[in-house]
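Here the structure comes first, spelled out in structure tokens, and everything after it is commentary.
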Amino acid sequence: GVWSISNLNAIVSGGIVTGESPGDDTVTYTIIDACGSVSTSKPIVILPLPDAGAITGNPELCIGSVVQLSDSITGGIWSCSNGKTTISASGVVTGLSPGNDTVIYTVSDLLCSNTATYIIKVDPFPYAQIITGQPGICIGSTTTISGVPAGGIWNLNNGNATFSQGILTGAAAGTDTVSYTISNFCGSDTAVSYINIEPLPQMPSIIQNESTISVPGGYSSYQWLLNGTNIPDAITDTYLVANTGLYSVMVKNSFGCSVT
């Protein structure tokens with residue numbers, strides 16, 4: 001058979017009637033064969049939905065904290081769509097885990113129900129972390145430093161180091177304090193890291209005595225170079241010159257910092 005409806009207050013499909021607007025309608029079912037057609041009809045009434053009002057209140061809260069929601073219509077039932085919040089019968093929301101939840105307020109009469117919804121956000125308490133490549137660097141050298149989560153504010157305690165775009169550069173010997181602060185609706189948190197900036201060794205003076213070149217002792221290590229290239233096994237404070245060219249020496253101190 002064929003289903004039909006007399007006006008637009010409802011729609012029918014496969015015998016399922018859906019109310020579209022308040023008022024009266026007539027559902028008709030017609031069977032047609034070679035001998036003609038026969039129909040049966042049934043009047044229906046589409047009732048208006050009850051007014052669910054509008055939910056108001058703070059749309060954001062922290063884990064473990066509460067906010068009071070209210071609705072302009074009394075007598076409804078509160079619920080939440082997922083487990084990120086809970087809500088009491090009086091509309092008090094408690095934050096459980098980070099993310100968004102949908103608060104639902106359902107108002108019912110004898111036959112119909114309607115809902116008002118409200119998106120509420122649960123924020124975690126901020127927790128800042130600093131990730132550094134190494135805890136100590138030499139003057140003029142660099143290390144990569146990053147903050148978790150991203151988007152925080154960096155601060156250096158003094159001028160012993162500089163910071164730009166994730167790169168920390170040693171500027172003067174000493175210790176500097178790096179701080180990274182994250183803030184959100186629930187407050188702020190600051191992570192602190194201490195960076196040692198080690199001094200460079202004193203630049204040595206090369207002394208030549210005939211075919212022997214040398215520098216003062218007292219450094220932790222030595223590496224002689226010829227025309228900018230390391231000379232194999234030339235790792236003491238003295239070197240016997242075998243070839244002509246430009247000689248230089250790289251020395252390191254006990255901190256591992258070097259000059260050439």
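The figures here come from the full heavy-atom set of this structure, side chains too, leaving out hydrogens, waters and symmetry mates.
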If hydrophobic clusters are built by linking Ile, Leu, Val, Met, Phe, Trp and Tyr wherever their side-chain heavy atoms come under 4.5 Å apart, do [X] and [Y] end up in the same one?
X: I130; Y: I182; result: yes
X: F125; Y: V66; result: no
X: V259; Y: F255; result: no
X: I197; Y: L156; result: yes
X: Y247; Y: L225; result: no

Side chain of [X], backbone of [Y]: donor and acceptor closer than 3.5 Å?
X: Y239; Y: T236; value: no
X: E198; Y: L200; value: no
X: D33; Y: G36; value: yes
X: N158; Y: D176; value: no
X: K84; Y: P98; value: yes
X: S81; Y: T102; value: yes
X: N160; Y: T175; value: yes
X: N155; Y: T177; value: no
X: Q68; Y: S90; value: yes
X: S41; Y: T28; value: no

Report, as yes or no, whether the 6.0 Å neighbourhood of atom [atom1] on [X] holds more than 12 heavy atoms from other residues, nucleotides or ligands.
X: L47; atom1: CG; answer: yes
X: L8; atom1: CG; answer: no
X: Q129; atom1: CD; answer: yes
X: Y194; atom1: OH; answer: no

Can you tell me how far the [atom1] atom of [X] sits from the [atom2] atom of [Y], to the nearest 0.5 Å?
X: I11; Y: E20; atom1: CD1; atom2: CD; value: 4.5 Å
X: D101; Y: S79; atom1: CG; atom2: OG; value: 9.5 Å
X: N253; Y: S258; atom1: CG; atom2: OG; value: 8.5 Å
X: S221; Y: K252; atom1: OG; atom2: NZ; value: 5.0 Å
X: Q208; Y: I213; atom1: CD; atom2: CD1; value: 7.0 Å
X: N82; Y: S97; atom1: CG; atom2: OG; value: 7.0 Å

Identify the heavy atoms of [X] and [Y] that sit nearest to each other, and give their distance.
X: G159; Y: A171; answer: O-CB, 3.5 Å
X: S21; Y: N9; answer: OG-OD1, 2.9 Å
X: G53; Y: D71; answer: CA-OD1, 3.5 Å
X: Y180; Y: G152; answer: OH-N, 2.8 Å
X: S179; Y: T190; answer: CB-CG2, 3.8 Å
X: L226; Y: T244; answer: CD1-O, 4.0 Å

Would you check if [X] and [Y] make a side-chain contact, meaning some heavy-atom pair closer than 4.5 Å?
X: S108; Y: T106; result: yes
X: I137; Y: T142; result: no
X: D237; Y: S214; result: no
X: K121; Y: F185; result: no
X: P124; Y: C186; result: no
X: T94; Y: T86; result: yes

query: Going by distance alone, is a donor N or O of one side chain under 3.5 Å from an acceptor N or O of the other, for S37 and T30?
result: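 No - no donor-acceptor pair under 3.5 Å links their side chains.
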query: Going by atom types alone, do S248 and T260 pair a side-chain donor with an acceptor below 3.5 Å?
result: no
task: Applying side chain to side chain donor-acceptor pair (under 3.5 Å), name anything that partners S6, two or more places apart in sequence or on another chain.
output: D25
message: Could you work out, with side chain to side chain donor-acceptor pair (under 3.5 Å) as the rule, every residue matching S113, not counting sequence neighbours?
response: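 Per chain and number, S113 pairs via side chain to side chain donor-acceptor pair (under 3.5 Å) with no residue.
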Which other residues end up in the same hydrophobic cluster as [X], if Ile, Leu, Val, Met, Phe, Trp and Tyr are linked when side-chain heavy atoms come under 4.5 Å apart?
X: I120; result: I55, L61, I63, V67, L69, I73, W78, I87, V93, V103, Y105, V107, Y118, V122
X: Y127; result: none
X: I5; result: W3, V12, V17, V27, Y29, I31, V38, I44, I46

task: Please step through side chain to side chain contact (heavy atoms under 4.5 Å, CB included) for the pair W224 and I206, ending with a clear verdict.
output: CA-CA 11 Å; W224 289 94; I206 297 177; 4.0 Å; yes
Working for side chain to side chain contact (heavy atoms under 4.5 Å, CB included), residues I195 and T132: CA-CA 9 Å; I195 303 294; T132 59; 4.2 Å; yes
Verdict with supporting geometry, I131 and I145, side chain to side chain contact (heavy atoms under 4.5 Å, CB included): CA-CA 6 Å; I131 301 173; I145 188 169; over 6 Å; no
message: Before you tell me yes or no, could you show the steps for D123 and E60 under side chain to side chain contact (heavy atoms under 4.5 Å, CB included), namely the whole-Å CA-CA distance, both residues' side-chain angles and the distance that decides it to 0.1 Å?
response: CA-CA 7 Å; D123 288 315; E60 196 167 5; 2.2 Å; yes
side-chain contact (heavy atoms from CB on, under 4.5 Å) partners of L49, counting only residues at least two apart: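 If we apply the side-chain contact (heavy atoms from CB on, under 4.5 Å) test to L49, skipping adjacent residues, the hits are C112, N114.
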